[in-house]
Structure formats: structure tokens, C-alpha cells
K.L.:
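Below is the structure I would like to discuss, written out as C-alpha cells.
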Amino acid sequence: MRIVLLGPPAAGKGTQARRLAARFGVPHLSTGEMLRVAASSGSPTGLRIKALIDAGNLVPDADVLAMVAERINEHDASGGYVLDGFPRTVGQSEALDLLLAAGDHALDAVVELRVDVESLLGRVSVRAAAAMAAGEDVRADDNPESLRQRIETYLAKTKPVSDHYRRAGRLLQVDGMLEPDGVEHAIAIALGQVASMVG
Ligand code: AMP
């Protein structure tokens, strides 16, 4: 099962991607997580990536594509994966199409979580408070200023990715404003419709 999860920052993609990955027994591939690891290395590339992430800007396509191309070719991803946070630009989605075609694969589904932009600040505050309560580090980009930039970036660069998949007849839209269990259920229904169309 090869699934892409789309949606604005703090829409709940990470939570749903983890649940989907567990359900289908495939790895959860979060480019945000991969980039945060790269950013923490302290190398010149890491520092460049960290500055972009912290300000709420995108890391250049070339860096992200190299990382994803390598990761999806690893053994544990041979049966599929859930991509969370990728593709984030139309260029990335076109490159993913080529990567998949080269491996004679196709995406099974693209799921977009639809969330009111006005609710995102509240969601980020909840996430930051939960991380703090759990004794975890609060993400450096989970603050109002970076979030504003992340939303702007999302609207300008990532929203058009949904249109790319809509045109390809692959886009499933799900109400991301429900509680996590409700969103999970809605995704399962949407995926079930795809399975019954295919099967
Ligand atoms: P996320 O954890 O998905 O919210 O991503 C956190 C940050 O990592 C984003 O705001 C970007 O700075 C960077 N990032 C994650 N995925 C990508 C991507 N596919 N392309 C470019 N930058 C990305």
C-alpha cells in the first residue's frame, strides 16, 4: 500500500500516518522527521536545513528528493509506505510520479485532511503543550510566527499538489476536524471505496 497524506501544518497528518502505517504494516515516512534528524547533525548542510525549518520555509526540492528516493528504495519500504509531509510542491509530486514509474509502482491513494486554517494555531498550541507535558522537546517551528509562514507556504506551494492528484483522479478528501478516531474512520471509509472501485 503506497499512500500519500496531504494537509496543512498541524492537521494531524503525523497521527493518522502512524495509524495507517500500523494498519497496513508499512513504514511511516515523514520528511519533516527525516529533515529534523538531518538538521540536528550540526553539519553545514544540517544548519542550513535547520534555519529553513525553524523559519517555516521549505527545504529545497533537490535535498528532499534525494532523501526520499533513497528511503523508498530501502528494503522495509518495498511493500509500500505512508508518506507524511511529502510531496509538498508540484515539482516534488512530479518527481515522485517519475520515481514510482521507474520502479513500476503507482500510488494507491492520496488522502487530504481538510482542516480550517483558523484552527491551526490552536492545534499547534495543543501540540506544544502536550510535548512539554510529556517532557519532550517542543518543535522550534511550533510558534505563532513560524506557523504563519508555514501556512503561507502551504497555501502557495502545497495546496496546488492536491490539484495535481485531483486531475489524476487520485485525491480523497477527508474531514480532518473530527477527533483522531473519527478521522481514522473517515480515512478507512475513503480507502474502502477505493478498494471496492479497484477490486
Ligand atoms: P512537518 O514535520 O511535515 O511539519 O515538516 C516540518 C518542516 O520540515 C517543514 O515546515 C519544512 O520546513 C520541512 N519539510 C518537511 N517536508 C518537506 C518537504 N517535502 N519539502 C520541503 N520541506 C519539507
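Predicted model only: the values in this text are computed from it and were never measured. For ligands, and for the atoms within them, numbers begin at 1 and follow the listed sequence.
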K.L.:
Determine, for K50 against D141, whether the closest basic-nitrogen to carboxylate-oxygen distance falls under 4.0 angstrom.
P.N.:
no

K.L.:
We want to know whether S41 and S43 form a side-chain donor-acceptor pair, criterion being a heavy-atom distance below 3.5 angstrom.
P.N.:
yes

K.L.:
Using a strict 4.0 Å threshold on nitrogen-to-oxygen distance, state whether E184 and R18 make a salt bridge.
P.N.:
no

K.L.:
Can you list every pair where an N/O of ligand 1 is under 3.5 Å from an N/O on the protein?
P.N.:
residue: ligand 1; atom: 2 (O); partner: R36; partner atom: NH1; Å: 3.0
residue: ligand 1; atom: 2 (O); partner: R36; partner atom: NH2; Å: 3.2
residue: ligand 1; atom: 2 (O); partner: R139; partner atom: NH1; Å: 3.3
residue: ligand 1; atom: 3 (O); partner: R88; partner atom: NH1; Å: 3.1
residue: ligand 1; atom: 3 (O); partner: R88; partner atom: NH2; Å: 3.2
residue: ligand 1; atom: 4 (O); partner: R88; partner atom: NH2; Å: 3.4
residue: ligand 1; atom: 4 (O); partner: R139; partner atom: NH2; Å: 3.0
residue: ligand 1; atom: 5 (O); partner: R88; partner atom: NH2; Å: 3.4
residue: ligand 1; atom: 12 (O); partner: N57; partner atom: O; Å: 2.6
residue: ligand 1; atom: 16 (N); partner: T31; partner atom: OG1; Å: 2.8
residue: ligand 1; atom: 16 (N); partner: G85; partner atom: O; Å: 3.3
residue: ligand 1; atom: 16 (N); partner: R88; partner atom: NH1; Å: 3.0
residue: ligand 1; atom: 19 (N); partner: G85; partner atom: O; Å: 2.9
residue: ligand 1; atom: 19 (N); partner: Q92; partner atom: OE1; Å: 3.0
residue: ligand 1; atom: 20 (N); partner: Q92; partner atom: NE2; Å: 2.9
residue: ligand 1; atom: 22 (N); partner: V59; partner atom: N; Å: 3.1

K.L.:
Quiz question: by atom type and distance under 3.5 Å, do the side chains of D116 and S119 form a donor-acceptor pair?
P.N.:
no

K.L.:
What's in the same ILVMFWY side-chain cluster as L147, cut-off under 4.5 Å, chained through other members?
P.N.:
V115, V117, L120, L121, V124, I151, Y154, L155, M177

K.L.:
Indicate if V82 and I72 have the same hydrophobic cluster label, given that clusters are the connected sets of ILVMFWY residues with side-chain heavy-atom separations under 4.5 angstrom.
P.N.:
no

